[in-house]
Number of protein chains: 2
Amino acid sequence: MATVNSYTGGMPTPDRTSLQQIVGAARDILERDGLAGLTMQSVAEAVGVRAPSLYKRVNGRDELVRLVAEATMVELTARAEQGRTAAEIADALRKFAHEHPAGYHLVFSPETRLSFELVTAASAPILRVATELAGPDDALEAARTLTAWANGFIGMELAGGFNLGGDLELAWNYGLTHLVAAIRAGSGR
Amino acid sequence: MATVNSYTGGMPTPDRTSLQQIVGAARDILERDGLAGLTMQSVAEAVGVRAPSLYKRVNGRDELVRLVAEATMVELTARAEQGRTAAEIADALRKFAHEHPAGYHLVFSPETRLSFELVTAASAPILRVATELAGPDDALEAARTLTAWANGFIGMELAGGFNLGGDLELAWNYGLTHLVAAIRAGSGR
DNA sequence: ACCTGAACACCGTTCAAGT
DNA sequence: ACCTGAACACCGTTCAAGT
């Protein structure tokens with residue numbers, strides 16, 4: 001909040017940064033230099049203040065990392081909501097992960113504990129297409145199967161775990177096709 | 001290597017620790033206190049030396065973390081090799097992950113770059129059952145689909161991403177059953 | 001009110017000195 | 001040869017002082 005003080009002749013002192021700018025800079029640094037490179041000092045430098053000033057807007061590095069994860073999850077959820085089929089949603093997740101690999105990994109890391117609300121919101125799109133495919137009784141299990149596969153594929157891909165050659169696009173489409181078919185077939189309709 | 005010096009009257013000075021002990025202590029600390037708790041000082045204290053002494057056996061913390069990941073991967077591979085069906089292998093992976101959650105996560109983290117040999121060896125068991133299920137032409141894609149699903153499920157489970165209630169065992173078996181059925185059906189036999 | 005330099009604790013790493 | 005204390009750079013965090 002802008003304020004008034006006697007040293008500026010009563011003029012409000014404009015803030016030199018903002019929480020939004022800090023989180024944005026932290027996300028950029030995370031992608032460029034990894035989690036180890038995301039230091040209070042590197043973020044402070046990026047937004048043009050000294051490290052102690054960040055504590056006016058953020059409780060500490062852990063909270064900043066959590067805010068980065070939350071912002072990433074919100075964006076990821078918005079992308080998923082655009083997809084209308086299981087394939088479209090899965091493709092959207094994968095595209096987002098390629099654009100923000102470090103953020104994507106952070107979001108699904110065990111150290112990151114996102115709020116129940118954020119996780120629920122993120123689950124909604126997949127739960128919707130899973131219900132269409134498997135029917136309401138198996139919707140939760142089907143959604144978990146789709147989520148597990150997509151996240152697992154993307155995680156292996158980002159970690160370089162798929163290094164036996166072959167065509168990754170082919171493997172992605174193979175998995176997607178077989179998974180959707182199996183879930184649909186299992187629904188008995 | 002034990003050695004001789006003039007201060008001990010020519011007696012060999014027994015080493016006070018070993019690489020094996022260091023890596024073992026590091027794995028315990030990783031599970032107990034997380035990656036942030038795995039410091040050179042905590043490991044040194046656990047094996048009964050001072051931090052600088054660790055540099056006689058390990059090039060630095062990054063290498064120690066890599067050695068931890070490698071040892072974990074070797075154990076994980078040995079467990080997977082015991083399984084004869086896709087279900088047995090997947091169950092073995094999941095059980096191992098529950099026993100070593102932090103190590104499991106480390107192994108599949110993008111920051112961990114395991115050698116080609118280790119990744120290839122770890123892939124072998126799944127590739128074998130995938131070949132049985134899908135035939136040689138689709139084996140690689142089928143293996144990647146199984147690996148992605150199992151790793152993804154376990155990763156979500158460890159990260160607390162499956163928090164909408166429901167029965168996780170049911171979801172695991174649902175995914176396993178449908179996946180195996182779909183891959184078998186897709187093989188045309 | 002916001003920002004900063006100084007200070008402190010802690011960690012990774014190096015190295016000369018001890019045995 | 002192995003081990004250690006001392007030292008240095010770096011990071012997170014606090015706080016009194018500056019504007």
Side-chain angles (χ1 to χ4, degrees), chain A residues 1-23 25-26 28-30 32-69 102 106 111-112, chain B residues 1-23 25-26 28-30 32-69 102 106 111-112:
Chain A
M1 205 186 305
T3 182
V4 173
N5 73 52
S6 53
Y7 302 93
T8 53
M11 292 294 289
T13 333
D15 293 359
R16 290 186 218 172
T17 184
S18 67
L19 181 58
Q20 195 187 352
Q21 193 192 6
I22 289 168
V23 174
D28 289 344
I29 292 168
L30 173 65
R32 199 182 323 115
D33 303 325
L35 194 55
L38 174 46
T39 68
M40 296 301 271
Q41 319 215 17
S42 67
V43 173
E45 186 183 8
V47 303
V49 298
R50 300 287 183 171
S53 300
L54 298 179
Y55 289 79
K56 282 285 156 183
R57 326 225 190 271
V58 166
N59 258 330
R61 184 181 182 270
D62 285 355
E63 181 178 301
L64 178 53
V65 171
R66 195 171 49 73
L67 290 171
V68 165
L106 175 66
E111 279 98 48
T112 303
Chain B
M1 208 184 305
T3 182
V4 172
N5 72 52
S6 53
Y7 302 94
T8 52
M11 292 295 286
T13 333
D15 293 359
R16 290 186 216 170
T17 184
S18 67
L19 181 58
Q20 196 186 352
Q21 193 191 6
I22 289 169
V23 174
D28 290 344
I29 292 170
L30 173 65
R32 198 180 327 114
D33 303 325
L35 194 55
L38 173 47
T39 67
M40 297 301 272
Q41 319 215 16
S42 66
V43 173
E45 186 184 8
V47 303
V49 297
R50 300 288 183 168
S53 300
L54 298 179
Y55 290 78
K56 283 285 156 185
R57 326 220 188 264
V58 165
N59 258 330
R61 183 181 182 269
D62 285 355
E63 181 178 301
L64 178 54
V65 171
R66 193 171 50 73
L67 291 171
V68 166
L106 176 66
E111 278 97 49
T112 304

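Every chain is numbered from 1 and lettered A, B, ... according to where its sequence line falls, protein lines coming before strand lines. What you are looking at is a predicted structure, and each value in this text was computed from that prediction instead of being measured.
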Student: Look at the side chain of Lys56(A) and decide which nucleotide, out of dC2(D), dT14(C), dC3(C), has an atom nearest to it.
Tutor: dC3(C)

Student: Quick one: is Arg57(B) getting a side-chain N or O under 4.0 Å of the dC3(D) phosphate, OP1 or OP2?
Tutor: yes

Student: Any side-chain heavy atom of Leu54(B) within less than 4.5 Å of one from Val47(B)?
Tutor: yes

Student: Suppose we define a pair by two distances each less than 3.5 Å, Watson-Crick or G-U wobble; what does dC10(D) pair with here?
Tutor: none

Student: I want to check something: taking the side chain as every heavy atom from C-beta on, are Leu67(A) and Leu19(A) in contact at a cut-off of under 4.5 Å?
Tutor: yes

Student: Of the nucleotides dC3(C), dG12(C), dC15(D), which has the atom closest to the Arg16(A) side chain?
Tutor: dC3(C)

Student: What's the closest nucleotide to the Thr39(A) side chain, out of dC3(D), dC11(D), dT14(D)?
Tutor: dC11(D)

Student: Working to the nearest 0.5 Å, report the span between CD of Gln21(B) and CG of Asp15(B).
Tutor: 10.5 Å

Student: NA contact type, Ser53(B), heavy-atom cut-off 4.0 Å: base, sugar-phosphate, or nothing?
Tutor: base

Student: Report the base-pairing partner of dC15(D) (Watson-Crick or G-U wobble, both distances below 3.5 angstrom), or none.
Tutor: dG5(C)

Student: Does Arg50(B) have a side-chain nitrogen or oxygen under 4.0 Å from the phosphate oxygens OP1 or OP2 of dG5(D)?
Tutor: yes

Student: Side chain of Pro52(B) only, please: which of dG5(D), dG12(D), dC15(D) is the nearest?
Tutor: dG5(D)

